[in-house]
Amino acid sequence: MAAKAALPLQMFGRRLVQPRSSVTAQNVSALRLSHQRLYSTEKQPEEAAAEQKTPATPPEVEKLTKDLAAAKEQNAELLDKYKRSLADSENMRNRLNKQISDAKIFGIQSFCKDLLEVADTLGHATQAVPKDKLNGNADLKNLYEGLTMTRASLLQVFKRHGLEPLDPINQKFDPNQHEALFQKEDKTVEANTVVEVTKLGYKLHERCIRPALVGVSKC
C-alpha cells in the first residue's frame, strides 16, 4: 500500500515540475524574440542609411563628365574668339569703306592746291588793273574782262568739284580755318574778329585744305 501511495506522489511531483520548466522555456523564447526584435530595430537606421548612400560613380562616367566640361569651356573660348574676329572684320570693313570714300572725295586735294595758286594769280592780276583807266583804254578793258571771266570760270570748276573759297572778313577767328598774320586795333568790332584778309582760304567738301591768311582785331 505504501509503494502504491508513493507512486502517485512521484507523478504529482513530476507534474508540478513540468509547468515550471515550460514557463521558463517560454520566457527564454520570449526574451530571445524581444532581443531579436530590438536588434533588428537597432539595425534598421543603419540599413536605411546604407540604402540612401549614392552608389559610386563609374570611371567612364567621370571621364565623360570631365570631357564634357572641357568641351564646353573650349566652345565658349572659340565662340568668344569668333565674335571678336567678326567685330574686327566689321571695323576693318568700315575703315576701308571710309578710306575708299575719302579717296574718291579728296583724291584731287593735291591737284586743287596747285590750282589755287593759279586762282590767286588771276585775282591779283584783276586787282592790279586801275579801274579808272578801263573806260579810256579798250585793250586794257578787254584784258581785265578776260582775266575776270577766266577767274570766274575757274571758280565754277572748283565749285563743281566741292572746292569753295573762304572769305572770313568780319567773322570770329577760327584757328581751324584761319591763320592770323597780325593783330590790328579796331574798336568797332569785338576782339579776335577778322578785320583783314590777305589771302583767301579754300575748303574741299567741308575740309579746309588751305587756311585764310588774316589780320585779327585786338582789345
Evaluate Lys66 against Glu62 for salt bridge (charged side-chain N to carboxylate O under 4.0 Å, His left out), listing each step before the verdict. CA-CA 6 Å; Lys66 292 181 180 179; Glu62 291 182 357; 5.5 Å; no
State, with a plain yes or no, whether a side-chain heavy atom of [X] is found less than 4.5 Å away from one of [Y].
X      : Y      : value
Cys208 : Leu166 : yes
Leu122 : Leu154 : yes
Glu185 : Lys218 : yes
Leu140 : Val129 : yes
Glu145 : Thr148 : no
Leu181 : Thr198 : yes
Glu196 : Val214 : no
Arg210 : Lys203 : no

Identify whether [X] and [Y] are in the same connected component of the hydrophobic contact network (ILVMFWY, side-chain heavy atoms under 4.5 Å).
X      : Y      : value
Val118 : Val157 : no
Leu115 : Leu213 : no
Ile100 : Ile105 : no

For a side-chain contact (heavy atoms from CB on, under 4.5 Å) check, start with the C-alpha distance between Gln109 and Arg207, then their side-chain angles and the critical distance, and finish with the verdict. CA-CA 10 Å; Gln109 180 172 328; Arg207 176 189 290 183; 3.2 Å; yes
Can you check salt bridge (charged side-chain N to carboxylate O under 4.0 Å, His left out) on Asp88 and Arg84, steps first, answer last? CA-CA 6 Å; Asp88 292 340; Arg84 290 177 183 274; over 6 Å; no
To the nearest 0.5 Å, tell me how far [X] [atom1] sits from [Y] [atom2].
X      : Y      : atom1 : atom2 : answer
Lys141 : Asp139 : NZ    : CG    : 12.0 Å
Gln177 : Asp174 : CD    : CG    : 5.0 Å
Leu204 : Phe111 : CG    : CZ    : 12.0 Å
Gln127 : Leu147 : CD    : CG    : 12.0 Å
Asn75  : Leu79  : CG    : CG    : 6.5 Å
Ser85  : Asp80  : OG    : CG    : 11.0 Å

Set out, in order, the CA-CA distance, both residues' side-chain angles and the distance that settles side-chain contact (heavy atoms from CB on, under 4.5 Å) for Thr65 and Val61, then state yes or no. CA-CA 6 Å; Thr65 304; Val61 176; 4.2 Å; yes
Look at the aromatic rings of Phe158 and Tyr202 and report parallel, tilted or perpendicular, splitting at 30° and 60°.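 Rings of Phe158 and Tyr202: perpendicular, over 60°.
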By the definition side chain to side chain contact (heavy atoms under 4.5 Å, CB included), identify the one residue from Ile209, Leu163, Ile108 that meets it with Lys113.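 Testing each of Ile209, Leu163, Ile108 against Lys113, the sole residue satisfying side chain to side chain contact (heavy atoms under 4.5 Å, CB included) is Ile209.
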How close do Ala212 and Gly201 get, heavy atom to heavy atom, and via which atoms?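 Nearest heavy atoms, Ala212 then Gly201: CB-N, 3.4 Å.
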Looking only at non-hydrogen atoms, find the nearest pair between Lys131 and Thr126 and report the distance.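 Looking at all heavy atoms of both residues, the closest pair is NZ-O, 3.4 Å.
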Backbone N or O of [Y] within a donor-acceptor pair of the [X] side chain at under 3.5 Å?
X      : Y      : result
Asn137 : Lys133 : no
Ser101 : Asn97  : no
Asn142 : Ala138 : yes
Thr193 : Val189 : no
Thr121 : Glu117 : yes
His178 : Val216 : no

Could you check Val194 against Asn170 for side-chain contact (heavy atoms from CB on, under 4.5 Å), going step by step and ending with a plain yes or no? CA-CA 5 Å; Val194 177; Asn170 295 328; over 6 Å; no
Contacts of Lys187 that satisfy side chain to side chain donor-acceptor pair (under 3.5 Å) - sequence neighbours left out: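 Testing Lys187 for side chain to side chain donor-acceptor pair (under 3.5 Å), a comparison that skips the adjacent residues, returns none.
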Let me see the working for Glu190 and Lys172 under salt bridge (charged side-chain N to carboxylate O under 4.0 Å, His left out), right down to the final yes or no. CA-CA 9 Å; Glu190 297 180 355; Lys172 265 298 188 185; 3.8 Å; yes
Please indicate whether Glu90 has more than 12 foreign heavy atoms, meaning atoms of other residues, nucleotides or ligands, lying under 6.0 Å from its CD.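 Yes, enclosed.
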side-chain contact (heavy atoms from CB on, under 4.5 Å) evaluation trace for Arg95 with Met92: CA-CA 5 Å; Arg95 285 196 297 269; Met92 179 64 71; 3.4 Å; yes
